[in-house]
Peer 1: 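For reference, the structure I am asking about is given below.
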Number of protein chains: 2
Amino acid sequence: MTIQQLSQEIGIGIDTLRIWERRYGFPVPDRDARGHRSYSLQQVEELRVVKTLQSLGQRPGKIFSLTPAQRRELLSELSAQGFPQDRGLQKLVYQMRPGEIGSEMSRQLDALDLVNFIHQYAVPLLQLLDHGWNSGQLSIAREHLISDQLEALLRTRLSGSSTGSDPSILFLTLSGERHKLGLLLAAVLFEQAGLPAIWLSEELPLSEVPALAQELEVVAVALSFSGHYSARQAKQNLSSLRKSLDPAIKIIAGGHAVRQFTSLPNLLICNDLKQVDLLAKRYFQPSSGRKDKS
Amino acid sequence: MTIQQLSQEIGIGIDTLRIWERRYGFPVPDRDARGHRSYSLQQVEELRVVKTLQSLGQRPGKIFSLTPAQRRELLSELSAQGFPQDRGLQKLVYQMRPGEIGSEMSRQLDALDLVNFIHQYAVPLLQLLDHGWNSGQLSIAREHLISDQLEALLRTRLSGSSTGSDPSILFLTLSGERHKLGLLLAAVLFEQAGLPAIWLSEELPLSEVPALAQELEVVAVALSFSGHYSARQAKQNLSSLRKSLDPAIKIIAGGHAVRQFTSLPNLLICNDLKQVDLLAKRYFQPSSGRKDKS
DNA sequence: AATACAAATTTGTCTAGGACAAAAAATGAC
DNA sequence: GTCATTTTTTGTCCTAGACAAATTTGTATT
């Protein structure tokens, strides 16, 4: 596997991979005839552990002072902490056949109303997926399979067409951000709080956002920056956006990469989906607090 | 705008941007206090033109021998060639309000059957979007808005759950590939030709594909590599995949980046959606040629 | 002991310029 | 014209050094 393939595969920059090798002596790949790096499958696995530990808050200096075995141990320690133990969810995530997953979710959604489904079912499910991914018990493929089903289900519950009368919020992710699900949950909640959501599922270049927001006449743009995004890049992008976007349009940002972010004008940080209702009420004076059940 | 932001924004590698500057003298960015490159908005626009010309088959040597104005001229020449002139589509793409787009599509889908909708409506629409993007008449944002609606609509028409009895095909894109729509059309067509599709909308790392294909017991994996993907990377990834995937599982590849690709064992190249029916019949002996209308 | 500030360390991304294979174009032979 | 061979073009990789931003450690003050 070339350095570029590896970089895409696990989401670590090429420069970073090279300097880790120089500084910490890991990963040291084989070289092909030309002297180019060639990584083994084992190294890919070990790097995935490293990446996960890092996104859990561990620093490289510490991570690389451990042996691979110790790293895995630390990982299971860290990810053993509180996560939902719900039997039904466990079964859905780890055992259910792919074909059944979607219908099980629909069943749950029918049983609860939309807002409760999000808080009581979708959020715990996301946490469980996150935990499964962190601890390595859940393959990325299966994680995608499940989150995909949830995405498909929730997208059908978004109005899809702004009525034009109410002020709406534009939800999108920037190029490079692959995790959309948390944002989608937020979009549904905002909509249920009376603020129609315009959902853009494809990643958009930063420079396109201002014009689009203008054209759609939204009152806010909501973005999510997951743990994969480095905090540095999130910061750069948010302040670039703040500069280029109409100052009257609010920016709502969420996700692990913006946990403690120095504030910008008209920027709201939303790290907990339970805040959505409060935010909606405080900052957007909703025309009506309607909660239409599906 | 930093070199990294620019690279993500337009999809050209950092190394490539630097060597263009060295070789062709463009783009020459300003430098900040540290000596780091800082690109202007005008340069971003000009680079978008360059990128588009390149994906239209022009080579850098030629592109950079032109002035920016000449480049724009060449672009309109090249993209003036045959594209659908359908009035209704033109209106949908360029004038319709975002809220109406989705319902107009649904109306068309109800009027035609699914297969005809794809061939007579969706494909021309995609071509028009492509043309609009190439010629710069259509903003990326609006393009995404429209293709997003189409995606949402078509996803509801996929079975979503494999029955388990018929052999199914797994459709996915690899990390870094942003264009899914063409592949989605193919998935719908394969399904209508009697081969259930399993659709994964999130981009998946290459190394995860073999295990997933095994678990889902599919007879083939279908991937798409759009013009954004360099032909080189598509090639590398396809042959990596061929090595790691069960040799009995076919690979179906499509998209501009695999136009003339030297063949690999059990690899089918599909560059025209009209071939789908033929491919399905020739290689997969469908259990039934059913065409259930929605 | 807690808080605030300064110094040291860690970390990721940038810089430069060189090398080389794969792809494309140009050349020559038939 | 077509095919095979050379030449040019082009993108990605290489090394090794620099430096700011973030974080930790150390010190002084309340």
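So that the names make sense, note that chain A is the first sequence line, chain B the second, and so on, each numbered from 1.
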Peer 1: Does the protein touch nucleotides 12-19 of chain D at the base, only the backbone, or not at all? Give it as B, S and - per nucleotide, heavy atoms under 4.0 Å.
Peer 2: BBSBBBB-

Peer 1: Check for a donor-acceptor pair, side chain of Gln43(A) on one end and backbone N or O of Ser40(A) on the other, with a separation under 3.5 Å.
Peer 2: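 Yes, Gln43(A) side chain to Ser40(A) backbone: donor-acceptor pair under 3.5 Å.
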
Peer 1: Keeping Lys250(A) on the side-chain end and Leu268(A) on the backbone end, is there a donor-acceptor pair under 3.5 Å?
Peer 2: no

Peer 1: Report the distance from atom CG of Leu17(B) to atom C1' of dG17(C), rounded to the nearest whole Å.
Peer 2: 17 Å

Peer 1: Is any side-chain N or O of Gln58(A) closer than 4.0 Å to OP1 or OP2 of dT23(D)?
Peer 2: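 For dT23(D), neither OP1 nor OP2 has a side-chain N or O of Gln58(A) closer than 4.0 Å.
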
Peer 1: Quick one, which residues of residues 59-70 of chain B touch DNA chain D with a heavy atom under 4.0 Å?
Peer 2: Arg59(B), Pro60(B), Gly61(B)

Peer 1: Kindly indicate, with the supporting measurements, whether the criterion salt bridge (charged side-chain N to carboxylate O under 4.0 Å, His left out) is fulfilled by Glu9(B) and Arg48(B).
Peer 2: CA-CA 9 Å; Glu9(B) 183 96 6; Arg48(B) 248 194 259 283; 3.7 Å; yes

Peer 1: Please check the phosphate of dT10(C) (OP1 and OP2 only) for any side-chain N or O of Tyr24(A) closer than 4.0 Å.
Peer 2: no

Peer 1: For a quick check under 3.5 Å, do Gln137(B) and Ser135(B) share a side-chain donor-acceptor pair by atom type?
Peer 2: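 Looking only at side-chain atoms, Ser135(B) and Gln137(B) do form a donor-acceptor pair, the distance falling under 3.5 Å.
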
Peer 1: Would you please say whether a donor-acceptor pair under 3.5 Å links the side chains of Gln8(A) and Gln4(A)?
Peer 2: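 No.
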
Peer 1: For Glu21(B) and dA16(C), what is the distance between atoms CD and C1' respectively, to the nearest whole Å?
Peer 2: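 So the CD-C1' distance, Glu21(B) to dA16(C), works out to 11 Å.
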
Peer 1: Quick one: Gln54(A) CD to dA22(D) C1', roughly how many Å, whole number?
Peer 2: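 About 13 Å, once rounded to whole Å.
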
Peer 1: After noting the C-alpha distance and the side-chain angles of Glu143(B) and Arg178(B), does the key distance pass the salt bridge (charged side-chain N to carboxylate O under 4.0 Å, His left out) rule?
Peer 2: CA-CA 13 Å; Glu143(B) 194 226 275; Arg178(B) 296 219 280 286; over 6 Å; no

Peer 1: Could you tell me how the ring of His228(B) sits relative to the ring of Trp133(B): parallel (under 30°), tilted (30 to 60°) or perpendicular (over 60°)?
Peer 2: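 The rings of His228(B) and Trp133(B) sit tilted, inter-plane angle from 30° to 60°.
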
Peer 1: Trp20(B) has an atom CH2; how far is it from atom P of dT9(D), in whole Å?
Peer 2: 16 Å

Peer 1: Under a 3.5 Å distance rule, please check whether Asp148(B) uses its side chain to pair with a backbone N or O of Ser201(A) as donor and acceptor.
Peer 2: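 Checked: pair present.
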
